[in-house]
Amino acid sequence: MAKFDENYFKLSEEDKKMQDITSIVAEDEQVLWRGKPKKSAYILNKVLSMLPFALIWLLFDGAFIAMLCVFGPKLPTFFLVVLIVFFAFHLLPVWIWITNIVTANRQHKNLEYMFTNKRIVIRSGIIGIDFKNIYYADIASVNLKVGLIDKICKVGDIYIKSREGANVLFDLENCYFIVQKLQEIVVDLKMDASFPNALRPENNSGYQTKYTKK
């Protein structure tokens, strides 16, 4: 029988690098910013996002489950099994809420955002690691939303609408500064695509297409 040591399933340094968000950066690509949601705000929003709805749903079903516990022994076994299966599925919103809370820490650990001079990259996942690319040329709008909990935690959510759909960068600190810089990049690169520097007069400096960290 083959022998295996305790490091058999241990990730190598190369495997860890492949999961890092910077592993997909091209040679001619520059990282402008990278960051994560504020952990306390992210987990708190996960807990509170479905809380009222889940509690109302649980109280409603709880009343019927309590009646089932009282009168259940008097019901036929088949009918009792059907009711148990029904409520197990009917409580799905509650299970989703609990799952979001249980997995919130794992989601936050794997969630990271990166802006380069070409695209926005979103790294996410619970079991596996997913990478999503949003190219600046495809972005239609960039908006900021700051709710009550966000304001208390001093964070905000950036909503990005693109050709591929809508994406949200959750619970970012310094959100006003970040959204302002992101809007500038999107506008500049779109203008460069519409009005290339070669077609501009010499006294027109045009828009900058290369960005550096300040």
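Taking 4.5 Å as the limit, some side-chain heavy atom of Asn117 sits within range of a side-chain heavy atom of Glu29. A heavy-atom distance below 4.5 Å is found between the side chains of Thr22 and Arg34. Taking the side chain as every heavy atom from C-beta outward, Thr116 and Gln30 never approach each other to under 4.5 Å. Proximity of Met114 to Val31: side-chain heavy atoms (C-beta onward) are separated by under 4.5 Å at one or more points. For the pair Tyr176/Leu144, a side-chain contact is recorded, criterion being any heavy-atom separation below 4.5 Å from C-beta on. Looking at heavy atoms from C-beta onward, Ile101 lies out of side-chain contact with Lys46 at the 4.5 angstrom threshold. Within the 4.5 Å cutoff, the side chain of Ile139 has heavy atoms near those of the Ile160 side chain. Residues Leu182 and Tyr136 meet the side-chain proximity criterion, which asks for heavy atoms closer than 4.5 Å.
Closest non-hydrogen pair, Val121 versus Phe131, comes out as CG1-CD2, 4.1 Å. When all heavy atoms are compared, the tightest approach of Lys36 to Asn110 is NZ-N, 4.4 Å. Annotation for Val25 and Ile21: closest pair CG2-O, 4.4 Å, computed over non-hydrogen atoms. Pairing each heavy atom of Ala41 with each of Val155, the nearest pair is CB-CG2, 3.8 Å. Closest heavy-atom contact between Val146 and Cys175: CG2-SG, 4.3 Å.
Here the NE2 atom belonging to His108 is positioned 13.0 Å from the CZ atom belonging to Arg106, to the nearest 0.5 angstrom. Rounded to the nearest 0.5 Å, atoms CG (Leu51) and CD1 (Ile56) are 9.5 Å apart. The CG atom of Asp188 sits 11.5 Å away from atom CD of Gln183, with the distance rounded to the nearest 0.5 Å. Summarising the geometry, atom NZ belonging to Lys38 is positioned 6.0 Å from atom SG belonging to Cys153; distances are rounded to the nearest 0.5 Å. To the nearest 0.5 Å, atoms CG (Asn105) and CD (Gln107) are separated by 10.0 Å. Note that CZ of Phe86 and CG of Leu91 are 9.0 Å apart. Values are rounded to the nearest 0.5 Å.
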Working note: Arg123 + Leu111, criterion side chain to side chain contact (heavy atoms under 4.5 Å, CB included); need CA distance, chi angles, decisive distance, verdict. CA-CA 5 Å; Arg123 177 186 184 271; Leu111 187 58; over 6 Å; no

Side chain to side chain contact (heavy atoms under 4.5 Å, CB included) assessment of Leu32 paired with Ile185: CA-CA 11 Å; Leu32 306 177; Ile185 295 173; 3.8 Å; yes

Apply the test side chain to side chain contact (heavy atoms under 4.5 Å, CB included) to residues Lys39 and Asp171: give CA-CA distance (whole Å), side-chain angles for both, the deciding distance (0.1 Å), then the verdict. CA-CA 8 Å; Lys39 187 173 183 178; Asp171 303 313; over 6 Å; no

Set out, in order, the CA-CA distance, both residues' side-chain angles and the distance that settles side chain to side chain contact (heavy atoms under 4.5 Å, CB included) for Val142 and Val179, then state yes or no. CA-CA 7 Å; Val142 178; Val179 77; 3.6 Å; yes

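Side-chain heavy atoms closer than 4.5 Å link hydrophobic residues (I, L, V, M, F, W, Y) into clusters, and following such links, even through other members, never connects Tyr113 to Tyr135. Hydrophobic clustering (ILVMFWY, side-chain heavy atoms < 4.5 Å, transitive): Tyr42 and Leu148 are in distinct clusters. Both Ile158 and Leu189 are members of a single hydrophobic cluster when ILVMFWY side chains are connected at heavy-atom separations under 4.5 Å. Clustering ILVMFWY residues whenever any of their side-chain heavy atoms sit less than 4.5 angstrom apart, transitively, puts Phe60 in the very cluster that holds Leu92. Linking Ile, Leu, Val, Met, Phe, Trp and Tyr residues whenever their side-chain heavy atoms come within less than 4.5 Å places Trp97 and Ile149 in a single cluster.
Annotation: salt bridge (Lys or Arg N to Asp or Glu O under 4.0 Å) contacts involving residues 141-158, sequence neighbours excluded, are absent. Sorted by first then second residue, the side chain to side chain donor-acceptor pair (under 3.5 Å) pairs that include residues 159-168, not counting sequence neighbours, are Lys132-Asn167, Asp138-Arg163.
Annotation for Ile152: atom CD1 counts as buried by contact number, over 12 foreign heavy atoms lying within 6.0 Å.
Taking the six-membered ring where tryptophan is involved, the planes of Phe53 and Trp57 are tilted, since the angle between them lies from 30° to 60°.
Taking a cutoff of 4.0 Å between a charged side-chain nitrogen and a carboxylate oxygen, Lys118 and Asp28 qualify as a salt bridge.
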